[in-house]
Amino acid sequence: MKHLGRLLGLAVVCLIALQLYFVLRIALMAVVDPQSTSFQRSEARRLLGETGRIEWSQQWVPYDRIAPSLKRAVIASEDASFVDHGGVDWDAIEKAWDRNLRAEARAEKLNQQLQRQGKAAARTAAPAPQPRIVGGSTITQQLAKNLFLSPERTTLRKGQELAITYMLETLLGKQRILEIYLNNVEWGEGVFGAQAAARHYFRVDASQLGTLPAARLAVMLPAPKRFEKRPGSPYIVGRAGTVAARMGAVDLP
């Protein structure tokens with residue numbers, strides 16, 4: 001029992017030390033631009049392992065050199081309540097949870113229908129579609145995950161993500177959070193940040209992006225590697241029109 005108490009005490013000390021590490025790293029980001037994120041380092045290792053080389057495009061640009069249209073488009077598409085919430089949008093999480101439950105119920109219903117058709121029919125039928133999982137993460141939560149954490153979905157990782165999210169909101173503020181996010185978010189295979197994305201897709205600087213190009217970039221964010229293959233697809237263009245219509249109502253930090 002005494003040995004167990006020591007182990008628990010050591011675990012608590014390690015947990016506190018880890019949180020202090022995150023606090024210090026985030027506090028430093030108030031004045032020093034982060035050189036890379038955990039997600040970017042993981043991607044670099046993957047590219048090196050798969051291709052033997054790293055083709056990488058990224059250039060940091062300050063907040064005032066990123067077009068307001070891109071800031072508005074990303075907020076409108078990814079986190080409409082960004083300037084108002086404290087890091088976590090609980091209403092969005094609840095709505096995403098409900099949508100995911102309905103999607104899982106539909107997928108389960110289709111699976112049951114296939115089973116009732118019998119084994120012979122099931123062999124020739126198309127596989128039942130998997131439910132599309134919708135997230136409710138805010139821009140701050142996405143940044144917390146990309147900066148420090150692995151992509152695995154566990155309760156422990158999600159708890160640490162929430163803790164880092166509140167650290168970011170407390171120590172940096174909305175404008176700096178958005179600046180770091182836009183300079184590090186993925187926009188394609190080895191394409192990171194607003195400047196690299198603007199040059200890659202539209203051959204202009206991030207400061208020169210107009211409404212529709214900015215909206216198209218924002219629409220790509222949930223699945224940049226997939227959308228990179230067809231950046232002018234009907235889905236991207238149509239969804240970009242919806243985002244563009246919402247941009248006028250967006251307040252910038």
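These figures come from a predicted structure and were not determined experimentally. Throughout, residue positions are numbered sequentially from 1 according to the sequence presented.
Looking at Gln175 and Glu179, their side chains never come closer than 4.5 Å, going by heavy atoms from C-beta outward. Contact check for Val61 versus Asn183: side-chain heavy atoms found under the 4.5 Å cut-off. Looking at heavy atoms from C-beta onward, Arg53 lies out of side-chain contact with Leu48 at the 4.5 angstrom threshold. Annotation: side chain of Gln195 is not in contact with side chain of Arg65 (no heavy-atom distance under 4.5 Å). Between Leu178 and Ile75, some side-chain heavy-atom pair lies under the 4.5 Å cut-off. Taking 4.5 Å as the limit, some side-chain heavy atom of Val243 sits within range of a side-chain heavy atom of Val219. Ile16 has its side chain out of reach of Gln19: every pair of non-hydrogen atoms, C-beta onward, lies at least 4.5 Å apart. In this structure, the side chains of Leu147 and Leu168 come closer than 4.5 Å at one or more pairs of heavy atoms.
Contact detail for Ala244 and Leu212: the closest heavy-atom pair is CB-CD2, 4.0 Å. Summarising the geometry of Ser77 relative to Ala218, their closest heavy-atom pair is OG-O, 3.6 Å, with the distance given to 0.1 Å. Closest of all the heavy-atom pairs between Val250 and Arg72 is O-NE, 3.5 Å. Lys174 and Gly87 make their closest contact through NZ-N, 4.3 Å (heavy atoms, listed as atom of the first residue, atom of the second, distance). Of all non-hydrogen atoms in Phe192 and Asn184, the two that sit nearest each other are CD2-O, 3.3 Å. Closest heavy-atom contact between Ala240 and Arg216: CB-CG, 3.5 Å.
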Going through the distances and angles, do Tyr235 and Arg230 end up as a side-chain contact (heavy atoms from CB on, under 4.5 Å)?
-> CA-CA 9 Å; Tyr235 171 81; Arg230 295 186 64 199; over 6 Å; no
Going through the distances and angles, do Ile180 and Leu172 end up as a side-chain contact (heavy atoms from CB on, under 4.5 Å)?
-> CA-CA 10 Å; Ile180 296 174; Leu172 298 185; 3.9 Å; yes
After noting the C-alpha distance and the side-chain angles of Gln40 and Gln35, does the key distance pass the side-chain contact (heavy atoms from CB on, under 4.5 Å) rule?
-> CA-CA 10 Å; Gln40 289 171 350; Gln35 296 299 305; over 6 Å; no
Working for side-chain contact (heavy atoms from CB on, under 4.5 Å), residues Tyr181 and Thr140 | CA-CA 8 Å; Tyr181 177 86; Thr140 314; over 6 Å; no
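A continuous path of hydrophobic side-chain contacts links Leu252 to Ile66 [ILVMFWY only; heavy atoms under 4.5 Å]. Cluster membership for Val83 and Leu70, using ILVMFWY side-chain heavy atoms within less than 4.5 angstrom, is shared. A continuous path of Ile, Leu, Val, Met, Phe, Trp and Tyr side chains, each step under 4.5 Å between heavy atoms, connects Val204 with Leu182, placing both in one hydrophobic cluster. Under a hydrophobic-cluster definition in which Ile, Leu, Val, Met, Phe, Trp and Tyr are linked whenever side-chain heavy atoms come within less than 4.5 Å, directly or via other members, Phe39 and Leu162 are assigned to different clusters. The hydrophobic cluster containing Leu15 does not contain Met167, counting ILVMFWY residues as joined when their side-chain heavy atoms lie under 4.5 angstrom apart, directly or transitively.
Leu149 contributes atom CG, which lies 10.5 Å from atom OG1 of Thr37 (distance to the nearest 0.5 angstrom). Atom CD1 of Ile177 sits about 4.0 Å away from atom CD of Glu169, to the nearest 0.5 Å. Atom CG of Asp79 is separated from atom CD of Gln142 by 7.5 Å, given to the nearest 0.5 angstrom. Once rounded to the nearest 0.5 Å, the distance linking CD of Glu161 with CG of Leu143 reads 10.5 Å. Here the OG atom belonging to Ser233 is positioned 12.5 Å from the CZ atom belonging to Arg239, to the nearest 0.5 angstrom. We find the NZ-CD distance between Lys145 and Glu152 to be 11.5 Å, quoted to the nearest 0.5 Å.
Side-chain atoms of Trp187 come within 3.5 Å of backbone N or O of Leu217 as a donor-acceptor pair. A distance-only check finds a donor-acceptor pair linking the side chain of Thr154 to the backbone of Arg157 [under 3.5 Å]. Using modelled atom types, no side-chain atom of Ser42 and backbone atom of Ser38 make a donor-acceptor pair closer than 3.5 Å.
Using a 30° and 60° split on the angle between ring planes, Phe148 and Tyr21 fall in the perpendicular class, above 60°.
Partners of Glu50 according to the side chain to side chain contact (heavy atoms under 4.5 Å, CB included) rule, which considers only residues two or more places apart in sequence or in another chain, are Arg46.
Exactly one of Val12, Leu10, Leu18 qualifies for a side chain to side chain contact (heavy atoms under 4.5 Å, CB included) with Cys14. That residue is Leu10.
Electrostatic pairing of Lys71 and Asp251 does not count as a salt bridge here, judged by no charged N lying under 4.0 Å from a carboxylate O. Under the 4.0 Å criterion applied to side-chain N and carboxylate O atoms, Lys225 and Glu228 are not assigned as salt-bridge partners.
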